[in-house]
2 protein chains.
Amino acid sequence: MATINDVARLANVSVATVSRVIGNTNRVKPETRSRVIEAIKTLNYQPNILARQLRRKETKSIIVVVPGITNSFFSNVLLGIETIASKYEYQVLLGDTQNDQSKGYAYLDLLKQKQVDGVISLTARMKREYLEEISNQYPVVLACEYLEGSNVPTVAIDNIRCAEKLTQHLINLRHKRIAFLSGPMEIILNRDRLKGFYNSMIIHGMEVDSSLVAEGDFTMESGYQLTKKLLTLERPPTAIFAANDEMAIGSIKAIKCIGWKVPKDVAVVGFDDIKMASIFEPSLTTIAQPASLIGIRAMETLLDLMNQESYVRRSTILKGDLVIRESCGATMI
Amino acid sequence: MATINDVARLANVSVATVSRVIGNTNRVKPETRSRVIEAIKTLNYQPNILARQLRRKETKSIIVVVPGITNSFFSNVLLGIETIASKYEYQVLLGDTQNDQSKGYAYLDLLKQKQVDGVISLTARMKREYLEEISNQYPVVLACEYLEGSNVPTVAIDNIRCAEKLTQHLINLRHKRIAFLSGPMEIILNRDRLKGFYNSMIIHGMEVDSSLVAEGDFTMESGYQLTKKLLTLERPPTAIFAANDEMAIGSIKAIKCIGWKVPKDVAVVGFDDIKMASIFEPSLTTIAQPASLIGIRAMETLLDLMNQESYVRRSTILKGDLVIRESCGATMI
DNA sequence: CTGAAAGCGCTAACAA
DNA sequence: TTGTTAGCGCTTTCAG
């Protein structure tokens, strides 16, 4: 493997000069420059990035921590991140935690080990103290999920307002008995969605039957099981608000399973607008997050953090859109 | 940021000793060791991995190039890769090309730049010469897709045989007019599936009506459009073999769209067994690739390549399984 | 415009 | 068991 020394020797210049033409930072006489380029070509030279990074003390790369790459929602966020990152010549690494907390810590450690300059985490499911400590020393931004009452820079939608909007929609459709299929209560996103649900109900003077609020784990399977139970109630719900699309689909499956129709017998709405939401039948009424924009804003925030000593911590709240499809029954009217 | 020097000074030892306790390679007197550990703790020291990698000339990390992370099939392959990688303490990076060739090259360049020790590519959609050249100099293994007639180590299923099996299944179900919804012809995987289709048809002395073979691009949309056209034929097909699940789902949507039923009026089968295949209604009969096993074998092969000077190039062919669900009509019988 | 030289933080001979 | 020291390959002053 050719090194910068080999190139220098062949081109009859010093390594400094070679370095200059590589980074075309300083002016080099056109003649020498072409001699160097020639040498680079004949030797098939590629600079060792590791050495450069060590010397420069920056890697020009960031890592995005994702709780599960399967989720198409995240890939759109990623798209937004990459758009901005590539514009500023940052490399984007991907770390999948597969919902395993400990893996998340390992990715954050890359910061300490100087393997990345910053991280964007699409999950906040880590020990609060740890996340905050790291965030005080290194550039970290949270996207989609956030840490309650902390000042870690965050980009997310307003889950409370979105849930209110969605609940409102169901209420407008004359539903009185609305169930809420919750995700894990320790996840703030989920608590926000539940809160929005309550807010809307209360505003309209509607009672929330606590037997209609069931906690699952964001999986299709849990949506299915929970719904099965709800349907055996003496007074089953006429509408179901699932805390995410996966659960909503599981829910619809359960409803179909006992021979009922969606949305005729029970309306169902989800949250996130994953790819399957539009493909599944009936298609899902849900809240679409501006995924790609979230990514863009997150990366911009991270760039700020990385480029200035004074950590200006700022967070961004974006709005989500109500997407009306078949599962809520609005289109039947 | 504390360096190894700071630790050494604080612990009153040489940097070599600190290095020894970090890598706990050489024996260090328990007493000194604990003194060093103490120092590491108080300084909150983390070794600079970049420096280590530069010195050792290895990064202990590999990159997996994926054509699109959204595809759940890939995340299972990834799971297999990570299982083995973590056992051997390799870090796994993820590079998403989003079906953009040029991005693939950029990831391969990480090898030359010494940023990764090896790559597993889940796509072979790159210039053949380039891929082969790289593979001659660095550890590269192809998984799922392969390069025709090349000796780049590969782990994949036998697409031809699987397609034969699937076609056979349709023939057993008494179908005579079977259409083939093809992906892009330049993709070898697709050509293999088509070949398997022809093989089975010919073996059973069945004619392949060339007007029933249509080329799309592996997307749901193309499956939809192509099927729409097929259904307007004077003698529409009674069964459709889609080259992948996405197209199969698009196809079913088109069939439902004109009011026909699947599988009653037209049977449809796909290929890959993506997550949606089991969730969609009707659920899809398809070929399930042993995704996680492919990942495991690929990583094992890569480890071999990385650990021995003599590149023993070996490829592995695994078998895919026919998964019979609703869309083919077999369960109705 | 170019070169000499220091050094990023670490590991691994080699010596003691 | 421990220390000394020479680099890994590059960038970046500082001189010239």
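Below, each value reflects all heavy atoms present in this structure, side chains not excepted, and no hydrogens, waters or symmetry copies.
The side-chain heavy atoms of V13(A) and V28(A), taken from C-beta on, include no pair separated by under 4.5 Å. Counting heavy atoms from C-beta outward, M1(B) and K114(A) have side chains that approach closer than 4.5 Å. Within the 4.5 Å cutoff, the side chain of Y146(A) has no heavy atoms near those of the S315(A) side chain. Side-chain contact check for V119(A) versus L110(A): every heavy-atom pair is 4.5 Å or farther apart.
Rounded to whole Å, atom P of dC10(C) lies 17 Å from atom CD of E58(B). Atom pair R9(B):CZ and dG9(C):P shows a separation of 12 Å (rounding to whole Å applied).
Using a distance-only test at 3.5 Å, with no hydrogens or angles considered, a donor-acceptor pair links the side chain of E145(A) to the main chain of A124(A).
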Query raised in the report: What string of B, S and - do you get for nucleotides 8-16 of chain D 5' to 3' if you count protein non-hydrogen atoms under 4.0 Å?
Result: BBBBBB---
